[in-house]
Structures are given as C-alpha cells and as structure tokens.
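Below: one structure, written as structure tokens.
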Protein chains: 2
Amino acid sequence: MLRERGLRLTAQRQLVLEAVYDLGHATPDQVHCKVAETAAGVNISTVYRTLELLEDIGLVTHTHLSHGAPTYHAALEEQHVHLVCRGCGRIDEVQPSALDEVSARLKDDRGFQLDVGHVSFFGKCKSCAGG
Amino acid sequence: MLRERGLRLTAQRQLVLEAVYDLGHATPDQVHCKVAETAAGVNISTVYRTLELLEDIGLVTHTHLSHGAPTYHAALEEQHVHLVCRGCGRIDEVQPSALDEVSARLKDDRGFQLDVGHVSFFGKCKSCAGG
DNA sequence: ATCCTTGCAAATCATTTGCATGATT
DNA sequence: AATCATGCAAATGATTTGCAAGGAT
C-alpha cells in the first residue's frame, strides 16, 4: 500500500503499524513505548509522522477520548463505538449497529452524516456506576 | 454557591462564568478572550483554574470536540448532543432525547450509564456531505 | 487579620518543524 | 545515485504549578 503511493517501506513504519494493531487503543505515546520495546531508537516524532501517514493511507484511525488524548486503532478491523468509563478509565466497545437508528434519524432530520467509527460515549461502567 | 463551600466571590469568577454562558461553546482560550474584553488583566491561568472550579461546583461542563480541544458550556442550560462537522467545523446540537433508545440499551445490556450531556458526534453536515 | 485568589513566570506535556544524516528504491 | 524518511533539537501551543502580592470575608 505504501509503494502504491511512491512511499517507502521502513522498519519504523512496520513497527508503528504492528504496535497499533497489537495495542488496540493507544495514544501516540503508548505506541512509542511499544515500538521502543523492539527498537529503542525510534523517535517520538517519527511515531507522530507515521501515525498521520498510516491514517492517510487508511490503515489506522483515531478518536478523541477523555482528556483529549487521541487514541489510535486499526482501521481494518471492525469499527466499534467506544464506551469510556469516567470512573476507572476502562474502554469498552459496542457494535456500531447500536447506533443505526440514531444515525438514520440524524440523516433524515438534519442531513448529518454520522461517522460511526469515531463515536465515543462517556459515562460509568457497570462496576463504577453500581456503587 | 461559592460561599456554601467557603469559597470567595470574585470579579474574575463572575466574568468567566458569564463568558461561558454567553459564548455557548468555548475553549479556555476563547473564554479568556471574552473575559479580556471586560477586564484585560485577567490571566489565562486564572481562567483555567476557574473553569475547573466552576465545573466542580456544577455550573459548567465540558466536552472534547475535534482535535481534542475542550469546549466548555453552561451546565444549567438544557443538555445537548454535539454534532461536529469534519468539513467546515460547524457545531450543531440535537436533543439528548435522540439518544434515549441507545442509552437504555447500553444500560440494559452492559450496565453502562451513559453521560448524555457529553456526547459528541463527528461526521459531515448537510452542506459538506451533500457534495 | 486571615487565608483564599490572583498574576506572573517558569515548568511541564504534547505535538510540530527544520535540517543534516542515513536508508530505501 | 536520487529522494524520501529519520533522528535530533529546537519551536510551538496548551495547560499546570510555585510563590509572593492583593483582595474578600
């Protein structure tokens, strides 16, 4: 996919991509740490650049969770809606189909085309809400 | 409300609160600019501290929109769901009741208690999607 | 008079950028 | 060999913090 665009295949790019797929959800910093386990010398700015690149190509996507830290995840895996717990910080996922109705209504009423893959819901998970 | 907590009522705090209510949705920086129109000397760090304080007290809330910038808004006004357009950046709002079904299902299926006031949907607005 | 708040400046954290070196095609 | 990509360091932008001076109660 890189070569199709005249771009080069480098070890760093492979590592960043693998890290994102391994970690599931990760901030640029977390990706950097993961990559560093294998290749300690990889610079954080390379991670940023690579994440941006991989997102352009369509191999990863990102969402904004809690305090604004972007978290990246694989784009080729099934899309999902994030459930972020304000109590313990845990991130759960649900099927995007859970939003089908809302999505349809937004489109009909407002013409708003919802990007289902980037939805994050905040709240309290079972254990934190249960009290 | 401040006095109930043994806190003091200051001009800065009033100004920040008014700014948030006036602006509707605003980043800390925008609040700072608004406040500066009246009192130029107010420091940005005071704005941050005050926003945090007002949020503690329950007078304002914040959500994370697009690139992670927190936007604050009045907590006493009716809650709403944000529709953020990736094309033009416009922010629209819809009734939280639009999420009633989803909210109920999340609670039943997962025990997840959705914080409806903090939901932001990303996508394309009518004009940007229409093409 | 007390002690909470502010302003200021410096510290911190996240992210971006310029540029020379090094790697991939 | 020709470019593209990386590492490094410095720049930038957002947010936080320590501390002394000022203000509300």
Side-chain angles (χ1 to χ4, degrees), chain A residues 1-20 23 25-57 59-73 89, chain B residues 1-20 23 25-57 59-73 89:
Chain A
M1 293 185 75
L2 285 165
R3 295 209 180 94
E4 285 175 13
R5 301 200 169 202
L7 301 171
R8 292 176 185 174
L9 180 60
T10 66
Q12 289 85 330
R13 287 175 176 172
Q14 292 182 65
L15 287 168
V16 168
L17 183 59
E18 278 170 28
V20 171
L23 293 170
H25 300 95
T27 64
D29 207 57
Q30 291 171 322
V31 170
H32 180 227
C33 290
K34 181 76 181 177
V35 169
E37 288 174 13
T38 309
V42 177
N43 195 277
I44 182 75
S45 60
T46 300
V47 173
Y48 277 103
R49 283 189 280 230
T50 304
L51 286 172
E52 196 182 334
L53 178 72
L54 294 175
E55 188 157 29
D56 273 358
I57 297 181
L59 289 175
V60 307
T61 359
H62 79 276
T63 335
H64 292 281
L65 304 184
S66 45
H67 54 291
T71 71
Y72 286 81
H73 56 269
Chain B
M1 294 184 74
L2 285 165
R3 296 208 181 93
E4 284 175 14
R5 300 200 169 202
L7 301 172
R8 293 176 183 175
L9 180 60
T10 65
Q12 289 85 329
R13 286 175 176 172
Q14 293 183 65
L15 287 168
V16 168
L17 183 59
E18 278 170 28
V20 171
L23 293 170
H25 300 94
T27 63
D29 206 58
Q30 291 170 323
V31 171
H32 179 228
C33 290
K34 181 76 181 178
V35 169
E37 288 175 12
T38 308
V42 177
N43 196 277
I44 182 75
S45 61
T46 300
V47 173
Y48 277 103
R49 284 189 279 231
T50 303
L51 286 172
E52 195 182 334
L53 177 72
L54 294 175
E55 188 158 30
D56 272 358
I57 297 181
L59 290 175
V60 307
T61 359
H62 79 277
T63 334
H64 292 282
L65 303 184
S66 46
H67 54 291
T71 73
Y72 286 81
H73 56 269

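The model shown is predicted, which means the values in this text are computed figures rather than measured ones. Letters A, B, ... mirror the listed sequences (proteins, then strands); counts begin at 1.
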Phosphate-side-chain proximity, B/Q12 and D/dG23, N/O vs OP1/OP2 below 4.0 Å: no
5′-ward residue of the pair B/A11/B/P28 relative to DNA chain D: B/P28
A/T50 vs D/dA5: side-chain N/O to OP1/OP2 distance below 4.0 Å: no
Interatomic distance where CD belongs to A/E52 and C1' belongs to D/dT6 [whole Å]: 15 Å
Min side-chain heavy-atom separation A/H62-A/L51 under 4.5 Å: no
Sugar-phosphate, base or nothing in reach of A/G41, heavy atoms under 4.0 Å: sugar-phosphate
Atom-to-atom span, CG of B/L54 to P of C/dT5 - whole angstrom: 12 Å
Distance, rounded to the nearest Å, where B/L15 contributes CG and C/dT6 contributes C1': 13 Å
N/O (side chain, B/R5) to phosphate O (OP1/OP2, C/dC4) under 4.0 Å: no
Protein-nucleotide distance (A/L2, atom CG; C/dT24, atom P), rounded to Å: 13 Å
4.5 Å side-chain heavy-atom contact, A/R3 and A/L9: yes
Minimum-distance nucleotide (side-chain atoms of A/L7 versus C/dG7, D/dA5, C/dC4): D/dA5
pair A/T61-A/E55: side-chain heavy atoms closer than 4.5 Å: yes
Length of the line joining B/I57:CD1 and C/dT5:C1', which is rounded to integer Å: 13 Å
OP1 or OP2 of C/dT6 under 4.0 Å from side-chain N/O of B/T10: yes
A/R3 vs C/dT25: side-chain N/O to OP1/OP2 distance below 4.0 Å: yes
Distance test, side-chain N/O of A/R13 to OP1/OP2 of D/dT6, below 4.0 Å: yes
Atom pair distance, as rounded to whole Å: NE2 in A/H32 and P in D/dT6: 13 Å
Nearest-Å distance for atom pair CZ/P, residues A/R8 and D/dT6: 10 Å
Heavy-atom side-chain proximity of A/R13 to A/L7 below 4.5 angstrom: yes
Sugar-phosphate, base or nothing in reach of B/I44, heavy atoms under 4.0 Å: nothing
Polar side-chain atom of A/H32 near backbone of A/T46 as donor-acceptor pair, under 3.5 Å: no
Sugar-phosphate, base or nothing in reach of B/S45, heavy atoms under 4.0 Å: base
Donor-acceptor pair (no angle test) under 3.5 Å: A/R49 side chain, D/dT6 base: no
Spacing between A/L9 atom CG and D/dT3 atom C1', to the nearest angstrom: 16 Å
Distance test, side-chain N/O of A/T46 to OP1/OP2 of D/dG7, below 4.0 Å: yes
Side-chain donor-acceptor pair present, A/T27, A/D29, cut-off under 3.5 Å: no
